[in-house]
Amino acid sequence: MNYWLFKTEPDEYSIRDLQLAPNQTAKWDGIRNYQARNFLRDKVAEGDLVFMYHSQCKQIGIVGVAEIVRAAYPDPAQYDETSKYFDPKATFDTPRWFCVDIKHKLTYPRVISLGRIKAQSELANMILVKQGRLSVQPVTEQEWQQIEAMI
DNA sequence: GCCAACGTTGGC
DNA sequence: GCCAACGTTGGC
């Protein structure tokens, strides 16, 4: 079992949207970064747990937990000419982009802010802290437990 | 809205 | 395959 952190802009899609989705499940699509794609395609597995992270908003930080309920499959949006995620170089034989399905597990009573995460010396090596711009990233078991202790 | 820190593209 | 130019992410 692996741990992950997925970023989202709540104005576009928030953890509340996920909670209110049918069966509290949604397709996590639109990932168009190769490093993030490789994690999604090769490492993210059914049953893995995910910290949901809100970026570009007032309350930046981890807002809750979701579970992977379906491992990687080709992101249909890459074939949809009307989608902003359309990719003319993608073919059905060789899909470029992948998505997974996630299900809401819990929303924290308050946001675990980026500021608090950064202030925690044990979390200094988190990808979230060290490398700003990765929307799908692995979280170690130690990091996961450290953050859960901050709720 | 600014801008630093990346990632991607494309000419050579 | 280098690298300049450009685009995007995301905190502030």
Side-chain angles (χ1 to χ4, degrees), chain A residues 2-21 26-44 48-68 71-140 142-151:
Chain A
N2 293 308
Y3 298 105
W4 305 96
L5 182 146
F6 288 3
K7 289 183 185 173
T8 184
E9 297 176 28
D11 289 345
E12 284 217 1
Y13 198 90
S14 71
I15 193 165
R16 178 150 180 79
D17 294 324
L18 179 63
Q19 195 170 4
L20 295 175
K27 175 170 56 181
W28 206 252
D29 62 353
I31 300 296
R32 293 294 180 271
N33 166 285
Y34 288 105
Q35 217 183 334
R37 188 277 310 265
N38 292 346
F39 282 130
L40 268 191
R41 185 190 57 189
D42 304 332
K43 306 282 190 205
V44 174
D48 286 357
L49 294 178
V50 182
F51 278 141
M52 302 302 294
Y53 176 90
H54 282 177
S55 68
Q56 317 233 60
C57 58
K58 274 197 169 164
Q59 287 201 293
I60 296 167
I62 293 169
V63 292
V65 176
E67 182 181 353
I68 305 294
Y73 58 101
D75 181 348
Q78 68 194 305
Y79 308 120
D80 177 3
E81 287 188 47
T82 66
S83 166
K84 66 172 174 172
Y85 298 122
F86 175 66
D87 185 341
K89 292 180 185 162
T91 68
F92 285 98
D93 284 343
T94 55
R96 272 189 149 193
W97 306 112
F98 291 80
C99 58
V100 297
D101 289 351
I102 64 172
K103 180 169 187 173
H104 180 269
K105 267 191 89 91
L106 55 103
T107 298
Y108 291 144
R110 62 194 179 109
V111 177
I112 302 172
S113 72
L114 179 61
R116 287 182 65 211
I117 292 167
K118 281 181 169 173
Q120 201 83 26
S121 60
E122 295 92 332
L123 298 174
N125 286 324
M126 266 193 94
I127 295 171
L128 181 70
V129 176
K130 287 185 105 175
Q131 179 186 348
R133 311 179 33 187
L134 189 58
S135 59
V136 171
Q137 52 182 266
V139 173
T140 69
Q142 290 84 350
E143 290 163 353
W144 185 276
Q145 286 167 3
Q146 186 78 35
I147 287 166
E148 285 200 316
M150 294 166 69
I151 295 165

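Below, chains carry the letters A, B, ... as their sequence lines are ordered, and counting in each starts from 1. What's counted below: heavy atoms across the whole structure, side chains too, no hydrogens, waters or symmetry copies.
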Trainee: At under 4.0 Å between heavy atoms, what does K58(A) touch on the DNA or RNA strands: base, sugar-phosphate, or nothing?
Mentor: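 No contact.
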Trainee: Identify whether any heavy atom of E9(A) sits under 4.0 Å from a base atom; if not, whether one sits that close to sugar-phosphate; answer base, sugar-phosphate or nothing.
Mentor: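 Since no nucleic acid heavy atom lies under 4.0 Å of E9(A), the category is nothing.
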Trainee: If you round to the nearest 0.5 Å, how far is NE2 of H54(A) from CD1 of I15(A)?
Mentor: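 Between I15(A) CD1 and H54(A) NE2, I get 6.0 Å after rounding to 0.5 Å.
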Trainee: Less than 4.5 Å apart, any side-chain heavy atom of Y79(A) and any of F86(A)?
Mentor: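 They are not in side-chain contact.
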Trainee: So, R41(A) side chain and W97(A) main chain: donor-acceptor pair closer than 3.5 Å or not?
Mentor: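 No, because the side chain of R41(A) does not come within donor-acceptor range (under 3.5 Å) of the backbone of W97(A).
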Trainee: Calculate, to the nearest 0.5 Å, the distance between atoms CZ and CD1 belonging to R37(A) and I31(A) respectively.
Mentor: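 Going from CZ on R37(A) over to CD1 on I31(A), the span is 12.0 Å.
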Trainee: Specify the residue among Q35(A) and K89(A) whose closest nucleotide of DNA chain B lies further upstream toward the 5′ end.
Mentor: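 Whichever sits nearer the 5' end wins; that is Q35(A).
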Trainee: 5' to 3' on DNA chain B, which nucleotides open and close the contacts with chain A (atom under 4.0 Å from a heavy atom)?
Mentor: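 From 5' to 3', the first and last contacting nucleotides are dA5(B) to dT8(B).
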Trainee: Just how far is it from atom CD of E67(A) to atom CG of L49(A), taken to the nearest 0.5 Å?
Mentor: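 If we round to the nearest 0.5 Å, E67(A):CD and L49(A):CG are 6.0 Å apart.
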